[in-house]
Structures are given as structure tokens and as C-alpha cells.
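Written out below as C-alpha cells is the structure these notes cover.
As the structure is a computational prediction, the values presented were derived from the model and not from experiment.
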Amino acid sequence: MSDRRSPVFLERQSYRRRRLIDSIRMLPLIGALLWFIPVLWPTGPVSVISTSQAIIYLFGCWLALIVLGLTFARAIKRFGLEEFDADDATDEGR
């Protein structure tokens with residue numbers, strides 16, 4: 001009568017790989033959100049934020065995205081996760 005389920009256990013390496021891949025997939029979305037923030041800044045005759053500050057902000061975001069991408073790439077290499085193949089990709093879609 002009682003239908004007991006066994007506890008779900010994920011290997012530590014598999015769990016880290018999936019979370020790292022999830023964060024890599026979110027990076028472009030986060031970048032797009034950061035790039036659209038200047039659209040929300042107030043504009044008018046007396047602007048609080050100058051064009052030069054907006055350009056510095058955009059290039060700062062761009063640099064941050066590059067550094068995060070490099071960090072994620074190094075993490076993949078350090079954890080030995082570069083062996084992520086098509087079989088793993090199809091398993092995640094299930």
C-alpha cells in the first residue's frame with residue numbers, strides 16, 4: 001500500500017556540471033538584461049546620466065560578460081567537464 005520512493009541522489013560531479021551548464025545558459029539572458037538597463041534611465045533636457053557614463057556602463061557590462069564567460073570556461077576545464085557530449089545533452093532534455 002505504501003509506495004515509498006527512494007531518495008533522489010545526484011553525484012556531486014554530475015550536479016556541479018548541470019549547475020555550471022545552467023549558469024552558462026543564463027549568461028546571455030543576464031547580459032541582455034544588463035544591456036537594456038540604459039533604456040530605463042530617465043532622459044530629458046537635464047539628464048542625470050551623461051552619454052559617456054552610459055557608454056562606460058555598456059562596455060563595463062561587456063567586459064564583465066567576457067570575464068564571466070572566461071571563468072565558466074576555465075571551470076569546465078578544471079572540473080574535467082569538457083567531455084560533455086550529445087548523450088548528456090539529450091539526457092537533460094528529458
Under the side chain to side chain donor-acceptor pair (under 3.5 Å) definition, can you give me all pairs with a residue in residues 49-58, not counting sequence neighbours? Ser50-Ser52
Who passes ring pair (Phe, Tyr, Trp, His ring centres under 6.0 Å) against Trp35, sequence neighbours left out? none
Connected to Leu33, directly or through other members, by ILVMFWY side-chain contacts below 4.5 Å are none
Can you get from Ile37 to Val48 by hopping between Ile, Leu, Val, Met, Phe, Trp and Tyr side chains that sit under 4.5 Å apart? yes
Are Leu29 and Met26 packed together at the side-chain level, in the sense that at least one heavy-atom pair is separated by less than 4.5 angstrom? yes
Sorted by chain and number, sequence neighbours left out, ring pair (Phe, Tyr, Trp, His ring centres under 6.0 Å) with Phe59 holds for Trp62
Between Pro38 and Leu58, the two heavy atoms sitting closest are CG-CD2, 3.9 Å
So if you build clusters from Ile, Leu, Val, Met, Phe, Trp, Tyr with side-chain heavy-atom gaps below 4.5 Å, do Leu34 and Trp41 land together? yes
Got a sec, which residues hit side-chain contact (heavy atoms from CB on, under 4.5 Å) with Thr71, two or more places apart in sequence or on another chain? Val67
Heavy-atom closest pair (Ala54 atom, Ile49 atom, distance to 0.1 Å) is N-CG2, 4.2 Å
Do the side chains of Ile76 and Ile24 get nearer than 4.5 Å, heavy atoms only? yes
